[in-house]
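Written below as structure tokens is the structure these notes are about.
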Amino acid sequence: MSKVDLRITPSRSVLPASQEPQLLYALIELSAQSGATKMPRLPLNLCLVIDRSSSMRGERLQQVKQAAMQILDLLGDHESFALVTFNDRAEVVVPAQLARARAEIKRQISAIEAAGGTEMATGLALGVQELQRAMMPRAIHRLLLLTDGRTYGDEGRCVEIARRAQARGIGITALGIGSEWNEDLLETIAARENSRTHYITSAAEITKIFTAEVERMHNIFAQDVQLRVTLPPQGLLRSLDRVRPYIVPLPTIEEAEFVWTAALGDWPESDAQALLMEIVVPPLPVGRHTMLRLQLRYRVPGSEGTTANHEQNLVVGVRNPDEVASEVDPTVKHWLERLVAYRLQASAWQAAEEGKLEEATRRLQMAGTRLFEAGEIELARTVQEEATRLLRSGQASAEGRKRIKYGTRGLIGREEQL
């Protein structure tokens with residue numbers, strides 16, 4: 001059975017006794033023990049949905065074709081592959097079929113040409129339809145979407161299609177290349193477990209990122225991962241964010257008094273996970289106290305419904321204030337600085353949209369300072385440059401905004417971040 005290593009690190013291992021509530025951060029680190037995916041892997045049911053509008057001409061489309069063919073070589077003979085393209089209309093280029101017909105599928109891929117505008121919703125609908133045609137009870141179902149432009153007038157339909165697919169167990173990886181695509185739309189599409197989005201900065205990265213995503217799907221060792229957090233009476237879970245491999249807020253449900261749950265989705269062995277939790281600690285007397293009880297549950301793929309369960313408690317000391325140092329654990333501090341920077345830039349763009357340019361600039365500058373402190377020097381410089389541009393001209397560059405937004409999340413398409 002697959003195994004995980006679970007570690008909880010508090011921001012402070014000793015708290016001062018107080019008559020008032022106080023904040024505590026807890027870093028939860030999860031990693032698969034070596035060889036966790038030794039069990040037979042689940043087959044992959046994959047559909048590529050590719051933008052072939054005129055802006056994809058040249059190297060971008062050529063790289064997409066190469067990536068699709070390389071993905072095909074990664075699939076087993078009994079795995080399913082489909083490919084849909086879209087511009088002003090959508091077309092099923094490769095109907096869902098077993099990947100063993102590689103020569104014919106590659107011939108169909110090589111014939112794709114770029115032309116026309118961008119209408120994403122119909123492409124998504126056809127992609128989901130092909131995945132459903134090949135649905136198997138025990139498989140990983142994935143839609144890879146790539147676009148380099150904005151779709152107009154069908155954004156709401158795109159989100160509706162994505163939600164229906166995700167409700168049926170289809171994960172979506174939404175990839176944007178260049179600077180003209182709508183990052184807000186792709187983030188909304190991917191705002192569910194088992195879905196994510198990436199910013200690809202150059203055509204040369206397409207093959208690397210496509211193949212890395214397929215390899216991740218081949219290494220799923222835990223499915224339907226659930227986190228259950230129990231706090232002491234009067235405790236409060238204020239926020240829960242994934243910070244590794246990328247930053248994203250995790251919705252939580254208070255299922256009982258002082259008990260919260262969060263869905264983490266499927267877990268590839270290659271993805272070491274780190275979650276940062278913000279807890280309001282109630283007033284407590286001097287002594288040792290259990291600040292949280294953590295329970296991790298997941299389903300083991302290919303094991304006829306077998307589930308696994310891991311539990312761990314966090315115990316923290318409470319002492320008189322004059323006996324307590326104020327230092328924050330350095331690892332927790334690192335991730336907290338990254339998370340704060342991400343939140344600051346997100347609120348900066350919101351302020352800019354509301355016309356509050358001075359407030360937006362100030363928040364971007366604060367985000368840049370946090371990134372400098374976290375050692376992200378190049379990204380911090382980009383933030384400061386865009387803050388200056390925003391204040392002077394009233395708007396940030398499309399590329400700069402994407403680099404900041406995805407850079408602070410850790411989702412710019414660099415190999416080490418996959």
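As a basis for the values below, the full set of heavy atoms in this structure was taken, side chains included, without hydrogen atoms, waters or symmetry mates.
Summarising the local packing, CZ of R7 is surrounded by 12 or fewer heavy atoms from other residues, nucleotides or ligands at distances under 6.0 Å. Within a 6.0 Å radius of CD1 in I377, more than 12 heavy atoms belonging to other residues, nucleotides or ligands are found. Annotation: E257, atom CD; neighbour count of heavy atoms from other residues, nucleotides and ligands within 6.0 Å does not exceed 12. K106 NZ: more than 12 foreign heavy atoms inside a 6.0 Å radius. The environment of CD in E354 is crowded: more than 12 heavy-atom neighbours from other residues, nucleotides or ligands sit within 6.0 Å. Other residues, nucleotides and ligands contribute over 12 non-hydrogen atoms within 6.0 Å of the CD atom of Q22.
With a 4.5 Å cut-off on side-chain heavy atoms, I206 and Q66 do not count as touching. Contact check for Y406 versus T408: no side-chain heavy atoms found under the 4.5 Å cut-off. Side chains of M120 and I189 form a contact here, defined as non-hydrogen atoms less than 4.5 Å apart. In this structure, T306 and R299 have side chains that are not in contact, with every pair of non-hydrogen atoms separated by 4.5 Å or more. Counting heavy atoms from C-beta on, the side chains of K402 and W181 come closer than 4.5 Å. The shortest side-chain heavy-atom distance between R100 and H78 falls under the 4.5 Å cut-off. Within the 4.5 Å cutoff, the side chain of L61 has heavy atoms near those of the I112 side chain. Within the 4.5 Å cutoff, side-chain heavy atoms of L227 are placed close to those of L275.
Rounding to the nearest 0.5 angstrom, the gap separating the CG atom in L131 from the CD1 atom in I170 is 5.0 Å. Here CG of L240 is found 7.5 Å from CG of L264. Values are rounded to the nearest 0.5 Å. Separating the CG atom in D154 from the OG1 atom in T122 is a distance of 7.0 Å, to the nearest 0.5 Å. Distance check, rounded to the nearest 0.5 Å: CE of M277 to OG of S11 gives 12.0 Å. L74 contributes atom CG, which lies 6.0 Å from atom CD of E215 (distance to the nearest 0.5 angstrom).
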Quiz prompt | M291 vs L15, side chain to side chain contact (heavy atoms under 4.5 Å, CB included): CA-CA, chis, key distance, verdict | solution = CA-CA 11 Å; M291 294 297 178; L15 296 176; 3.9 Å; yes

Quiz item: Can E337 and R370 be said to form a salt bridge (Lys or Arg N to Asp or Glu O under 4.0 Å), step by step?
Solution: CA-CA 6 Å; E337 286 172 344; R370 293 284 186 171; 5.1 Å; no

Quiz item: Under the side chain to side chain contact (heavy atoms under 4.5 Å, CB included) criterion, do L296 and V4 qualify, and how do the steps go?
Solution: CA-CA 10 Å; L296 186 74; V4 301; 4.0 Å; yes

Quiz item: Run the side-chain hydrogen bond (donor to acceptor under 3.5 Å, both in side chains) check on S239 and E278 step by step: do they pass?
Solution: CA-CA 5 Å; S239 65; E278 184 178 5; 3.2 Å; yes

Quiz item: Could you walk me through whether L146 and L144 pass the side chain to side chain contact (heavy atoms under 4.5 Å, CB included) check?
Solution: CA-CA 7 Å; L146 174 71; L144 259 65; over 6 Å; no

Practice problem: Kindly determine whether E373 and K333 satisfy salt bridge (Lys or Arg N to Asp or Glu O under 4.0 Å), including the steps that lead there. | Solution: CA-CA 10 Å; E373 292 173 350; K333 182 179 179 182; over 6 Å; no

Exercise. Show your reasoning for whether side chain to side chain contact (heavy atoms under 4.5 Å, CB included) applies to T9 and W335.
Key: CA-CA 12 Å; T9 304; W335 289 114; over 6 Å; no

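A donor and an acceptor atom, one from each side chain of H218 and E213, are nowhere located under 3.5 Å apart. Defined by atom type and a distance below 3.5 Å, a donor-acceptor pair is missing between the side-chain atoms of Q226 and D224. Judged by distance alone, the side chains of T230 and R293 never bring a donor and an acceptor atom under 3.5 Å apart. Between the side chains of Q273 and S31, no donor-acceptor pair of N or O atoms lies under 3.5 Å. At a cut-off of 3.5 Å, with distance as the only test, a side-chain donor of Q345 or W349 sits close to an acceptor on the other residue. Under the 3.5 Å distance criterion, with hydrogens and angles disregarded, a donor-acceptor pair is assigned to the side chains of N309 and Q295.
Between the side chain of S195 and the backbone N or O of I172, at least one donor-acceptor pair lies under 3.5 Å. Of the possible polar contacts, none joining the Q365 side chain to the A387 backbone as a donor-acceptor pair under 3.5 Å is found. For the pair S393 (side chain) and Q395 (backbone), a donor-acceptor distance under 3.5 Å is present. The backbone N or O of S110 lies less than 3.5 Å from a partner atom in the side chain of K65, making a donor-acceptor pair. Formation of a donor-acceptor pair under 3.5 Å by the T197 side chain with backbone atoms of A174 is found in this model. At distances below 3.5 Å, at least one donor-acceptor pair connects side-chain atoms of R102 with backbone N or O atoms of L72. In this structure, E187 contributes its side chain and D184 its backbone to no donor-acceptor pair below 3.5 Å. Side chain of E205 to main chain of T201: a donor-acceptor pair is present (N/O by atom type, distance under 3.5 Å, no hydrogens or angles). The backbone N or O of L357 sits nowhere less than 3.5 Å from a side-chain atom of E359 that would complete a donor-acceptor pair.
Between E160 and R163 there is no salt bridge, since none of the side-chain N atoms of the basic residue sits less than 4.0 Å from a carboxylate O of the acidic one. A salt bridge links E399 with R403: the distance from a Lys NZ or Arg NE/NH1/NH2 to an Asp or Glu carboxylate oxygen falls below 4.0 Å. Salt-bridge annotation for D148 and R52: absent, with no side-chain N of the basic residue lying under 4.0 Å from a carboxylate O of the acidic one. The residues R381 and E378 are annotated as not salt-bridged, no charged nitrogen and carboxylate oxygen being separated by less than 4.0 angstrom. The pair R57-E113 does not count as a salt bridge, with every side-chain nitrogen at least 4.0 angstrom from each carboxylate oxygen. One finds no salt bridge joining E269 and R216 here, because no Lys/Arg side-chain nitrogen approaches an Asp/Glu carboxylate oxygen to under 4.0 Å. The pair R338-E376 meets the salt-bridge criterion, since a charged nitrogen lies less than 4.0 angstrom from a carboxylate oxygen.
When all heavy atoms of Q312 and L6 are compared, the closest pair comes out as OE1-O, 2.9 Å. Looking at every heavy atom in both residues, G368 comes nearest to A380 through O-CB, 3.5 Å. Closest non-hydrogen pair, G116 versus D88, comes out as CA-OD2, 3.4 Å. For the pair Y25 and V332, the tightest heavy-atom approach, listed with the atom from each and the gap, is CB-CG1, 4.1 Å. A pairwise comparison of heavy atoms in R244 and R242 identifies O-CG, 3.4 Å as the closest pair. Closest approach of T331 to D329, counting heavy atoms only: N-OD2, 3.0 Å.
Paired with R401 under the rule salt bridge (charged side-chain N to carboxylate O under 4.0 Å, His left out), one option of E180, E183, E386 passes, and it is E183. Checked options T173, N194, D266; the residue passing with R142 is T173 (criterion: side-chain hydrogen bond (donor to acceptor under 3.5 Å, both in side chains)).
Using the six-membered ring where Trp is involved, Y298 and W267 have ring planes that are perpendicular, over 60° apart on the 30 and 60° scheme.
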